[in-house]
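Some notes on the structure that comes next.
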Amino acid sequence: MVSISLKDGSQREYPKGVTLLQVAQDISPRLAKNAVIGVFNGELTGLNTMIYEDGDLDLLMFEDQQAADVYRHSSSHVMAQAVKRLWPETKLAIGPAIDRGFYYDFDSSHTFTPEDFALIEKEMNAIIKADYPFVRKELSREEALDYFSKQDEVYKVELIQDLPEDATISLYQQGEFVDLCAGPHVPSTGKLKALKLMSLAGAYWRGREDNPMLQRIYATSFPKKSMLDEYLHKLEEAKKRDHRRLGRELGLFTIVEEGPGFPFFMPKGMILRNELENFWREEHRKAGYQEVRTPIILSRELWERSGHWDHYQENMYFTTIDEGDYAIKPMNCPGGMIIYKQDLHSYRELPIRMGELGLVHRHELSGVLHGLMRVRAFTQDDAHIFMLPEQIIDEIKGVIDLVDRFYSLFGFPYHVELSTRPEDSMGTEEDWEIATNALIQALNEKGIEYIVNEGDGAFYGPKIDFHLQDSLDRTWQCGTIQLDFQMPEKFDLTYIGEDGEKHRPVMIHRVIYGSIERFIGILTEHFAGAFPTWLAPLQVRVMPITERQHDYALQVRAELEKQDIRVDSDLRSEKIGYKIREGQLQKIPYLLILGDKEKEADTVAVRHRKQGDIGAMPLAEFISKIKKEINEKAL
RNA sequence: GCCGAUGUGGCUCAGUGGCAGAGCAGCUGAUUCGUAAUCAGCAGGUCGCCGGUUCAAGUCCGGCCAUCGGCUCCA
């Protein structure tokens, strides 16, 4: 017998060789139905695994992310099986579960089109109906290589060759289909229910540009049709929050063919932008920053000195002036260096925190442009901090605090990544180690969790990145803190120390918003265009019900303007419902509806964009209410 | 840059080789109305661009550009 301890602390005895599914069945038929995968003695274990030793068991349902991953992973095998049936010459690459679904990469002479989706889905459903068990087989490296070589599955062969010497090589088979796979899987294909193929994409084998491009099919699956429908509905809703759509609908910005990647900001977008910049200046003043502005175009010689010529050239735009070569700045730092060098600096001045809202241009590949999130011209809310080596940790922590101050104000969840030395970089191994450790120490002292991106740093130093999410949960790097020992060296920056000698300062590059453009994109999606009142391009719209109240409406509007509230009025001869509808669609925080009653009583009827009609009140009361909301930057 | 898809009025979209359409938005007029769409009329298009096939191309073919979804890359 084996003794199995369950999560609730209870223990059950079973004959040796009992499967997890049988255990689940014994506990409750519903659990057996809903369980996707087990965790037995800490190991993710398939439900049809037989148990020969005592242990702790936790049965996971789809709602658990690990279980969902297994479920999707099994789904990807079924998709591969269907594709192999339909196009037998197709070679298989990899097919993992991802956040909300799964994909499989194929190499096929057949070019998949969305029209194939129905066909593949139909075949997948047939495979599910056949209810093939997922059978695990372990075999030696030689056997595995031999098997996949014979099948001409070149990608699988490559994968096996790259597995560590001591790795267990396992296959999973369902029906006629066999795939190299570590597992585990659901017990059988019949466990899978609601599947949908989502999209096609090209993807380089192993993500390397010089490798062949494979055809990737993205799909998702759920244990219930209703869950799939709900997911699809959410996707539709998310599309309505897309900043590119809202940018047009709300008149914030536009990008046209005449300037791919070069956004135009329209009057309403500029109001939003200016509010963000005002707030930025205020906070940076408080945090001890000075502000500078450096030129957009600077000489080739400068970029050679900074290292950009060698390390960043393919991202830069160039121009010629009087036969001299110039570059349009892709970063603000060299300009900052020049400003620092205009004066001699004492150690007593440090740290010098020098901010710049700097417009940079970068040549991004055409395929990566994406609304305001990925553009070719953007404004970085940059700053360069020049400091003593012993000030490094405190300064980094100061920036981390500032980032948190900004992101919490908007209610943005974010995650942090640490990027280390890339291949194409400047400086000594020692400098990089000191710099990287300083970033790690600051993160640790702040108690911030982070993931590491090996080799993803800037060419001059390692960095801490802050990532925010868009409406589809894609993440975008916004804030970043980069520690740099190289630029001060290249530009021979110095300060006079206590000893009267020249010393080398250390430098931080940092941004909070990252790029104002990207941040506005994130902001728009986060609030679905309903910006907090302090940011809203238009804060109040006054709408009289009939012409009888036009005078009163203009009077109210004038008073609000006098109070620096952004207000307009809708005097068209439309029904009030029509005006309200437009006001709501424009996501204006407050609509003031003025009829005879209000005019008579000298009040305004207030409609809040989310709370709806909140009743009439004296204008003065409304003004103090909205001013409080604006001053507090309330969400 | 690479893979795939898409490109028709300001917006959303119909139009499968034979006279370029609809709804919304816009303009004009009527309507004066109480919390998400009043009615009527008018105007608006080199069908992304260039070339080809054809008696005839929005439609078929080729090239380019842009956009969308990915890959790679990054704020």
Side-chain angles (χ1 to χ4, degrees), chain A residues 103 105 111-115 198-218 239 242 244-245 248-249 251 254-261 312 314-315 330-331 358 360 362-375 377-382 419 453 456 458 463 465-468 472 474 476-480 482 509-519 521-522 543-550 572-585 591-598 605-609 612-616:
Chain A
Y103 66 79
D105 284 345
T111 302
F112 299 115
T113 70
E115 286 77 60
M198 303 296 292
S199 63
L200 286 164
Y204 299 109
W205 167 236
R206 301 195 138 182
R208 295 174 61 100
E209 225 175 333
D210 38 348
N211 280 343
M213 182 157 278
L214 308 171
Q215 301 186 70
R216 174 172 299 177
I217 302 181
Y218 283 94
K239 274 190 198 155
D242 191 311
R244 292 164 297 190
R245 175 187 176 134
R248 190 182 52 244
E249 287 174 357
T254 189
I255 301 176
V256 296
E257 273 206 35
E258 288 84 345
Y312 210 70
E314 70 276 17
N315 277 297
M331 295 187 195
V360 298
R362 297 183 183 175
H363 177 68
E364 299 293 345
L365 296 176
S366 60
V368 306
L369 301 178
H370 184 96
L372 288 184
M373 304 295 197
R374 194 71 187 279
V375 291
F378 56 101
T379 303
Q380 290 186 306
D381 62 320
D382 218 339
S419 295
N453 272 333
D456 240 9
K463 55 181 189 164
D465 295 329
F466 298 83
H467 292 247
L468 298 175
L472 290 173
R474 291 176 291 212
W476 299 89
Q477 183 186 316
C478 289
T480 177
Q482 313 181 344
H509 311 240
R510 45 110 283 182
V511 291
I512 307 290
Y513 291 136
S515 107
I516 309 275
E517 288 75 6
R518 179 176 285 181
F519 199 81
I522 299 277
M543 32 186 73
I545 290 173
T546 76
E547 268 170 33
R548 286 195 303 280
Q549 301 91 28
H550 279 196
R572 295 174 305 173
S573 63
E574 296 290 350
K575 298 207 306 196
I576 197 67
Y578 183 84
K579 295 182 185 181
I580 286 170
R581 178 180 153 82
E582 282 202 353
Q584 287 282 144
L585 290 173
L591 304 178
L592 298 186
I593 288 113
L594 306 178
D596 287 333
K597 273 186 282 176
E598 286 73 24
V606 181
R607 185 188 166 102
H608 183 265
R609 70 183 159 202
D613 186 357
I614 55 177

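Letters go in sequence order (proteins before strands), and every chain restarts at 1. Quantities reported herein were computed from a predicted structural model and do not represent experimental measurements.
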Interatomic distance at C1', B/rG44 relative to B/rG21, whole Å: 13 Å
Distance between P atoms of B/rG9 and B/rA22 (Å, rounded): 14 Å
Sugar-phosphate only, base, or nothing, as touched by A/Q584 at under 4.0 Å among non-hydrogen atoms: base
Sugar-phosphate only, base, or nothing, as touched by A/R474 at under 4.0 Å among non-hydrogen atoms: sugar-phosphate
Distance, P atom - from B/rU6 to B/rG63, rounded to whole angstrom: 15 Å
Nucleotides bounding contact with chain A, strand RNA chain B, heavy-atom threshold 4.0 Å: B/rG1 to B/rA75
A/F466 side chain near A/C478 side chain, heavy-atom distance below 4.5 Å: no
Donor-acceptor pair, side chain of A/D465 and main chain of A/Q477, under 3.5 angstrom: no
Touch class at under 4.0 angstrom, heavy-atom based, for A/V368 against every strand present: base
Touch class at under 4.0 angstrom, heavy-atom based, for A/G207 against every strand present: sugar-phosphate
Sugar-phosphate only, base, or nothing, as touched by A/E574 at under 4.0 Å among non-hydrogen atoms: base
Test item: A/Q584 and A/R607 side chains (from C-beta on) under 4.5 Å apart, heavy atoms: yes
Sugar-phosphate, base or nothing in reach of A/E249, heavy atoms under 4.0 Å: nothing
Touch class at under 4.0 angstrom, heavy-atom based, for A/E598 against every strand present: base
Sugar-phosphate only, base, or nothing, as touched by A/F519 at under 4.0 Å among non-hydrogen atoms: nothing
Pairwise P distance, B/rA40 and B/rU35 [rounded to whole Å]: 23 Å
Any residue meeting salt bridge (charged side-chain N to carboxylate O under 4.0 Å, His left out) with A/E209, in chain and number order, not counting sequence neighbours: none
Atom P, compared across B/rC42 and B/rG23: separation rounded to whole Å: 12 Å
Residues which pass side chain to side chain contact (heavy atoms under 4.5 Å, CB included) with A/R581, listed by chain and number, not counting sequence neighbours: A/L585
Watson-Crick or G-U pairs under 3.5 Å in RNA chain B, rendered as dot-bracket with [ ] for crossing pairs and | for another strand: (((((((..((((....[..)))).(((((.......))))).....(((((..]....))))))))))))....
Sequence-distant partners of A/D242, salt bridge (charged side-chain N to carboxylate O under 4.0 Å, His left out), two or more places apart: A/R244
Same-atom distance (C1') from B/rG7 to B/rC49, integer angstrom: 11 Å
Close side-chain approach of A/E598 and A/Q549, heavy atoms under 4.5 Å: no
Sugar-phosphate, base or nothing in reach of A/R510, heavy atoms under 4.0 Å: nothing
C1' spacing across the pair B/rA5 / B/rC73, given as an integer number of angstrom: 22 Å
Same-atom distance (P) from B/rU16 to B/rU31, integer angstrom: 44 Å
Sugar-phosphate, base or nothing in reach of A/R607, heavy atoms under 4.0 Å: base
Sugar-phosphate, base or nothing in reach of A/I576, heavy atoms under 4.0 Å: sugar-phosphate
Sugar-phosphate, base or nothing in reach of A/Y578, heavy atoms under 4.0 Å: sugar-phosphate
Sugar-phosphate, base or nothing in reach of A/K579, heavy atoms under 4.0 Å: nothing
Side chain proximity check, A/V606 to A/L592, heavy atoms < 4.5 angstrom: yes
Contacts of A/V375 that satisfy side chain to side chain contact (heavy atoms under 4.5 Å, CB included) - sequence neighbours left out: A/P263, A/F378
Sugar-phosphate, base or nothing in reach of A/D456, heavy atoms under 4.0 Å: sugar-phosphate
